[in-house]
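Below, all heavy atoms of this structure are taken into account, side chains as well, without hydrogens, waters or symmetry copies.
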Protein chains: 2
Amino acid sequence: MSPLNATHDPQRTSWVPSANDGNTDFPIQNLPHGIFRRRGTGENWRGGVAIGDSIVDLAAAVAAGIFQGEVLAVAQAAAEPTLNRLMAMGPKPLSVLRAALSQALQTGSPQEAALKPCLVAQDAAEYSVPARIGDYTDFYTSVYHATNIGRQFRPDNPLMPNFKWIPIGYHGRASSVIVSGQDFHRPHGQVKAPDAPAPQLKASARLDIELELAVFVGQGNDLGDAVTIDAAEEHIFGLALFNDWSARDIQPWEYQPLGPFLAKNFASTVSPWVVTMEALAPYRVPFTRPAADPQPLPYLASPEHSAAGGFDIQLEALIETRQMRQGQNAPVRLALTNYRHAYWSAAQMLTHHTVNGCNLQPGDLLGTGTLSGPTLDAACALIELTTGGKNPVHLPNGEVRSWVEDGDAIILRGWCEKPGAARIGFGECVGTVLPAKAG
Amino acid sequence: MSPLNATHDPQRTSWVPSANDGNTDFPIQNLPHGIFRRRGTGENWRGGVAIGDSIVDLAAAVAAGIFQGEVLAVAQAAAEPTLNRLMAMGPKPLSVLRAALSQALQTGSPQEAALKPCLVAQDAAEYSVPARIGDYTDFYTSVYHATNIGRQFRPDNPLMPNFKWIPIGYHGRASSVIVSGQDFHRPHGQVKAPDAPAPQLKASARLDIELELAVFVGQGNDLGDAVTIDAAEEHIFGLALFNDWSARDIQPWEYQPLGPFLAKNFASTVSPWVVTMEALAPYRVPFTRPAADPQPLPYLASPEHSAAGGFDIQLEALIETRQMRQGQNAPVRLALTNYRHAYWSAAQMLTHHTVNGCNLQPGDLLGTGTLSGPTLDAACALIELTTGGKNPVHLPNGEVRSWVEDGDAIILRGWCEKPGAARIGFGECVGTVLPAKAG
């Protein structure tokens with residue numbers, strides 16, 4: 001957990017004008033990494049860094065001689081078609097690159113003339129999943145989500161007895177992680193009504209969202225080696241937005257006894273920009289729990305972690321139906337929450353994941369699980385917002401939603417804001433549901 | 001499901017003498033693929049094919065000009081450091097390579113002189129995991145295993161109501177799949193005794209085995225595209241042995257509600273040789289279920305699948321304790337079973353996995369789940385063999401085992417045998433448990 005430095009200085013401005021608009025997600029204090037190319041060109045994918053409404057094309061910047069000395073090798077890694085090699089380098093080289101980019105992009109930089117031709121408009125770009133994800137693990141770190149879901153199935157005993165002791169996680173599907181903007185078809189699956197004698201194969205009628213954060217693993221650990229809680233963040237590259245689409249009618253029939261499978265692995269959408277841990281440093285918050293709760297076992301706790309293991313990140317889910325799009329109505333908020341409501345931190349997730357010696361690799365994705373907060377308007381899945389479909393959401397244009405319908409786009413946003421610090425945003429994570437294919 | 005051809009002819013012999021010993025796992029009718037190098041040399045990994053006690057070094061064979069015409073490109077793919085590109089080619093090119101290798105290795109082949117220098121003794125080789133595994137999914141296809149396990153937790157209702165309708169599967173950890181011969185440390189994890197007020201972090205005291213087959217995916221399918229039951233085997237490259245090590249004291253505390261996690265992902269051992277579906281063709285058997293059982297939904301059934309969707313593969317688990325090794329006593333059998341006892345076939349696993357559009361990729365691994373048979377001596381995990389540790393196994397040398405102890409090696413073997421066909425074997429899948437690291 002490195003201290004704040006000049007790259008965090010809220011007074012620093014950029015010669016890219018759009019970066020200085022106080023509402024941008026991507027001021028010079030952010031500098032998130034992603035993989036892009038100009039849309040429709042079939043160009044090679046390469047790494048870029050978001051600044052205002054533009055992207056610094058790192059491959060072009062390397063070619064233009066922007067980087068010299070020790071930072072050159074880091075910039076070359078960051079310019080590759082996936083971020084894996086950059087992620088593997090760990091936090092120090094990443095910090096060196098951040099400092100160099102911040103200098104080159106700041107107002108008055110002598111590199112402005114050389115770097116300006118390396119900018120690509122975000123409007124003209126398409127994105128790829130930022131890393132080659134070896135393994136994707138999803139956690140279940142919101143006590144509010146776990147309680148809301150549990151209440152529907154076990155009204156008298158909504159929260160499992162293990163929840164406050166162990167960061168619950170399970171393996172998800174890496175191959176079907178797609179990037180924001182990539183649409184997908186409504187899945188088919190076995191569905192069985194409680195009173196039906198047999199299941200049927202049909203298109204899911206209860207398609208849901210899950211607003212999560214994606215934690216991208218940086219440097220890995222060898223098989224057999226556990227990562228301590230205080231070393232955990234050195235193994236985290238950064239955070240992105242993540243929508244873990246879920247078919248709520250497939251899930252209850254398939255998930256006993258080994259957990260969710262086809263209810264999840266048809267698509268999970270990640271945002272293109274990964275915000276580094278260093279960019280988030282001004283938004284660290286204490287990470288503690290009520291004194292009445294069981295405190296974490298020693299391997300999941302430390303004074304440093306209690307003091308600053310949490311992050312104040314606001315997170316929002318919105319819906320844009322086909323009718324809204326056609327009427328050019330703005331998307332409508334479904335939920336607003338904050339990552340500080342999580343019961344288990346990103347560092348605790350990572351430490352727990354490795355306590356048995358499991359090897360994490362650069363580019364692995366850890367989902368936080370649905371980040372529902374304490375109130376209903378902070379519930380981050382329709383199954384919570386509509387109480388399992390029983391209380392549909394009424395949209396301002398008169399439409400009603402129990403579940404996601406064909407043509408609906410779900411938009412996730414995230415940002416950090418406070419006086420005395422620059423706004424740090426995550427951009428958007430968007431997915432539109434296409435009709436089921438003919439079965 | 002291609003018909004038998006000259007490569008299956010049980011009369012065909014090889015100029016490699018050890019391939020003609022009736023007991024070898026690797027006669028000329030088998031020709032499994034793997035990745036190897038000479039042990040201790042630090043050579044590049046490359047593809048090979050097992051023949052008798054030797055390996056055909058495909059990189060050397062390509063360089064020696066053994067392959068000409070259309071087969072050359074296939075052999076080049078098979079010679080790479082992972083089998084992924086070969087797997088992606090699908091069954092037809094693989095069959096062309098098999099035919100060429102069978103001709104080149106058969107008694108009297110004019111290529112004997114050129115190919116003989118390309119042989120490496122298996123005794124001098126070390127192996128790598130045969131493919132870069134993108135995703136690993138574990139299934140639960142033995143009704144006997146599901147019932148044995150379920151009886152311990154739910155005596156009145158051992159089998160879940162979904163078991164006979166849906167091939168239960170869940171995602172496992174790809175990064176911790178290791179190859180036979182690679183040892184690993186006993187894992188730590190949270191363990192909670194039923195009457196304890198809180199869990200503890202400790203080394204697992206209930207380490208178990210699971211005898212499975214690994215199904216390696218060949219050609220993949222695009223996200224959104226389902227694979228039909230009759231096309232499923234065109235997407236399967238071949239089978240290997242698989243030991244899904246399990247920590248039975250970590251599992252019950254962590255697995256509700258999302259399934260097993262750290263109880264499994266510390267290590268899973270796969271055998272080095274992948275036996276192709278074509279090599280197994282003589283051992284196809286009908287795949288049907290009792291008329292009193294629910295029959296599979298239409299997407300999981302076809303006349304062709306019922307006629308020949310199963311495989312008659314004998315499978316054995318053995319233990320070699322440190323004391324046995326020191327006394328040079330032979331390993332002792334723990335269980336003997338047969339893949340024909342599976343309730344769901346490999347084709348059904350693959351078809352079900354894709355019915356929601358989930359994209360499988362070349363090199364993905366599908367575990368069959370523990371392949372316990374109908375009798376106790378065919379139970380393929382210690383939790384079944386010892387009834388959860390209550391009835392320890394008594395070994396001939398006087399040792400007793402409830403669970404796997406430090407220094408124990410577990411050896412899996414598999415083979416097909418019948419009159420009128422050549423024996424097709426899988427080699428061995430071996431793993432030795434090292435003591436837990438200091439916590």
Original post:
Is the gap between the ring centers of A/Phe261 and B/Phe139 under 6.0 Å?
Top reply: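 Between B/Phe139 and A/Phe261, which both carry aromatic rings, the centre distance is below 6.0 Å.
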**OP:** Compute the centroid of each ring, for A/Tyr136 and then for B/His171, and state whether the two points are separated by less than 6.0 Å.
**Re:**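 Not under 6.0 Å, so no.
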Structural part of [X] lying under 4.5 Å from a heavy atom of chain A:
X	answer
B/Leu297	side chain
B/Thr354	neither
B/Ile168	side chain
B/Tyr299	side chain
B/Pro294	neither
B/Asp138	neither

Original post:
Can you tell me how far OG of A/Ser176 sits from CG of B/Leu360, rounded to the nearest 0.5 angstrom?
Top reply: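 So the gap between those two atoms works out to 9.5 Å.
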Original post:
Do you know which of B/Tyr140, B/Phe153, B/Phe184 has the most heavy-atom pairs under 4.5 Å to chain A?
Top reply: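 Highest number of heavy-atom pairs under 4.5 Å: B/Tyr140.
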Original post:
When only pairs under 4.5 Å are counted, which of B/Gly172, B/Gly134, B/Pro167, B/Ala267 shares the most heavy-atom pairs with chain A?
Top reply: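 Most heavy-atom pairs within the cutoff with chain A belong to B/Gly172.
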Donor-acceptor under 3.5 Å ([X] side chain, [Y] main chain):
X	Y	result
B/Asn162	A/Gln256	yes
B/Arg173	A/Asn359	yes
A/Asn356	B/Pro187	no

Closest non-hydrogen atom pair between [X] and [Y], with its separation:
X	Y	result
B/Ala198	A/Trp165	CB-CH2, 3.4 Å
B/Met160	A/Pro257	CE-CB, 4.0 Å
B/Pro161	A/Trp253	O-CH2, 3.7 Å

Subject >> Validation row: A/Asn265, B/His353 side chains within 4.5 angstrom (heavy atoms) >> reply: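 Yes. Closest side-chain heavy atoms under 4.5 Å.
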Let's test your reading of the structure: which of [options] forms the most heavy-atom pairs below 4.5 Å with chain B?
options	answer
A/Leu223, A/Asp135, A/Ile133, A/Asp225	A/Asp135
A/Gly357, A/Ala146, A/Pro260	A/Pro260
A/Gln200, A/His185, A/His352	A/His352
A/Gly224, A/Gly169, A/Gly220, A/Ala436	A/Gly169
A/Ile149, A/Ile178, A/Val355, A/Ile166	A/Ile166
A/Gly189, A/Gly150, A/Ser175, A/Ala247	A/Ser175

Original post:
Measuring heavy-atom distances to chain B, does A/Pro252 have an atom under 4.5 Å in its side chain, in its backbone, in both, or in neither?
Top reply: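 Nothing of A/Pro252, per the 4.5 Å heavy-atom cut-off to chain B.
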Original post:
Considering only heavy atoms, which portion of A/Thr137 lies under 4.5 Å from any heavy atom of chain B: side chain, backbone, both, or neither?
Top reply: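 Just its side chain gets close to chain B.
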**OP:** Any chance you could lay out the side chain to side chain contact (heavy atoms under 4.5 Å, CB included) test for B/Leu300 and A/Gln190, step after step, and finish with the verdict?
**Re:** CA-CA 11 Å; B/Leu300 294 170; A/Gln190 280 196 29; 4.0 Å; yes
